[in-house]
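Here is the structure we will look at, set down as structure tokens.
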Amino acid sequence: MNNAAVTICSLNYISKALVLRETFLQFNPDDDFYICIVDRKVTVNDIPLDVKLLWVEDLEVPDLLKHAFAFDVIEFNTNVKPTVLRKLLCDYSKVLYIDPDVEVFSSFEYVYELLEHEAVVLTPHYTKPIFDGCKPDDIDLLKFGAFNLGFVAVSRHEQSLLFLDWWSERCLELGYYDPPVGLAVDQKWVTLAPAFFDRIYILKHPGYNVAFWNLHERLLSKRSGVWMVNELPLVFVHFSSFNAKDPEAIANKQNRFAKGDRPDFAELCQLYASKLLSNELNSNVLRYSFDYFDNGVYITPALRRFYSIYRFSRFNNLNNPFDSQGAVYDFANKNSLVVKGVASQQRITFKTASDFQRSRKIINIGLRVTLRLLGPVRYYNFMRYLSVICSIRNQDEVLK
């Protein structure tokens, strides 16, 4: 067996991974497909027995628990991606990584053909510039990277191995979602890769990685029951930021298309939503296990960031930061970084920010007062300073 594909998710995304697996194997029946689960290893009875599972602890990542504590669920899932690919290349000559929120509509034969002579295959977010006042646009690509790493293909080639080792090192040390300092998990790093490594192919075929970020340049249609994009075969749709309970919204992280604006995409969304609902697990083991200390206390996002400041210094010799009797838990209590309850908090996006009008008014009043007190020159320099320390990892002097 020469070819394999893999996706990575935590237990709460298993239903999406199963849809991906089913549709991938439908069109690529001779390949192996793996699901790598980033969570503590447990028994989940709802997963079919024939599913090839890898657990994050099987990847032999050095200092696994330190990484699991430093990164949140999205960060850790993405940051082990090069490690998983490197591991599978030991047994397969060509390996695809595909995000779990993907549905496949055709074979990946063309990618495998490319990998006969290329080391890495990447897909750009989009190929036609757009700057129309809506999101996402060219400015967002500067923030989050030119390539979407919901898909990457590698062959067993010297350049791909060098690329994966470099990428893994960057991800496990600095794979944070921290746009103020230019970091965007695993994805932003790969913008640099074509300058550092050879045999990297940029695949611009419109049928690959169709998603909300490139709908402005891609039109879907059907020909004899087969889905097409710009009159070429559709290979896969990336349903990033998709809400199965509101499929007509397309995605929560875009505002270019309102409900009903893309009837060509609506049927795909409806069908995908129904597949997700039919694959939902009944298991209770769906909360992310690395979100809690061993006594069940919730690890706040702020604590993760403050811990990351010191994980290579004062906490470097601490093997298990999840220990409720250990130094990190004591550090969290001393610095008021522990909260009551165990519910994780939703990440605020440009859409949800509008829900905080009262807080924004209070902050703006404070800024107006600051401007009058400092004057325009010192206020400008103060804002530049705030742009640096708005990243918690630059706030080491705040804590005890």
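Sequential numbering from 1 along the given sequence is applied to the chain's residues.
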Item checked: S391 versus D178, side-chain donor and acceptor atoms under 3.5 Å -> yes
Margin query: Whether the side chain of S241 engages the backbone of K253 through a donor-acceptor N/O pair (distance < 3.5 Å, no angle test) should be reported.
Written below: yes
Next item on the list: Hey, can you tell me if F33 and F24 have their rings parallel, tilted or perpendicular (30° and 60° cut-offs)?
Entry: tilted
Next item on the list: Carefully, step by step, assess I8 and K81 under the rule side chain to side chain contact (heavy atoms under 4.5 Å, CB included).
Entry: CA-CA 7 Å; I8 303 172; K81 191 181 301 177; 4.0 Å; yes
Margin query: With a 4.5 Å cut-off on side-chain heavy atoms, are Y97 and V84 touching?
Written below: no
Margin query: Is a donor from one side chain sitting under 3.5 angstrom from an acceptor on the other, for N79 and H67?
Written below: no
Check: Does any N or O in the side chain of E103 come within less than 3.5 Å of the main-chain N or O of V19, such that one atom is a donor and the other an acceptor?
Finding: no
Check: Is any side-chain N of the basic residue among E75 and R305 closer than 4.0 Å to the acidic one's carboxylate O?
Finding: yes
Next item on the list: Check the pair F196 / I200 against side chain to side chain contact (heavy atoms under 4.5 Å, CB included), numbers first and verdict last.
Entry: CA-CA 10 Å; F196 295 162; I200 292 183; over 6 Å; no
Margin query: Can you confirm whether E109 is buried at CD, in the sense that more than 12 heavy atoms of other residues, nucleotides or ligands lie under 6.0 Å from that atom?
Written below: no
Next item on the list: Please step through side chain to side chain contact (heavy atoms under 4.5 Å, CB included) for the pair Q395 and F306, ending with a clear verdict.
Entry: CA-CA 8 Å; Q395 297 178 12; F306 281 119; 3.9 Å; yes
Next item on the list: For Y13 and Y288, test the side chains for any donor-to-acceptor distance below 3.5 angstrom and give the result as yes or no.
Entry: no
Check: Salt bridge check: are D39 and R287 linked by an N-O gap of less than 4.0 Å?
Finding: no
Checklist line | Face-on cation placement of R314 at Y310 ring, 6.0 Å and 45° thresholds | finding: yes
Notebook entry, point to check: Which one of N3, N2, D32 satisfies the side chain to side chain donor-acceptor pair (under 3.5 Å) criterion with Y92?
Noted result: D32
Note to self: Would R311 and F69 count as a side chain to side chain contact (heavy atoms under 4.5 Å, CB included) here? Give the steps.
What the structure shows: CA-CA 9 Å; R311 68 170 172 145; F69 199 96; over 6 Å; no
Notebook entry, point to check: Counting heavy atoms not belonging to E248, are there more than 12 under 6.0 Å from its CD?
Noted result: no
Note to self: Under a 4.0 Å threshold between the charged nitrogen and the carboxylate oxygen, would D330 count as salt-bridged to K334?
What the structure shows: yes
Next item on the list: Establish, for the pair R40 and F322, whether the NZ or CZ atom is under 6.0 angstrom from the six-membered ring centre and no further than 45 degrees off its axis.
Entry: yes
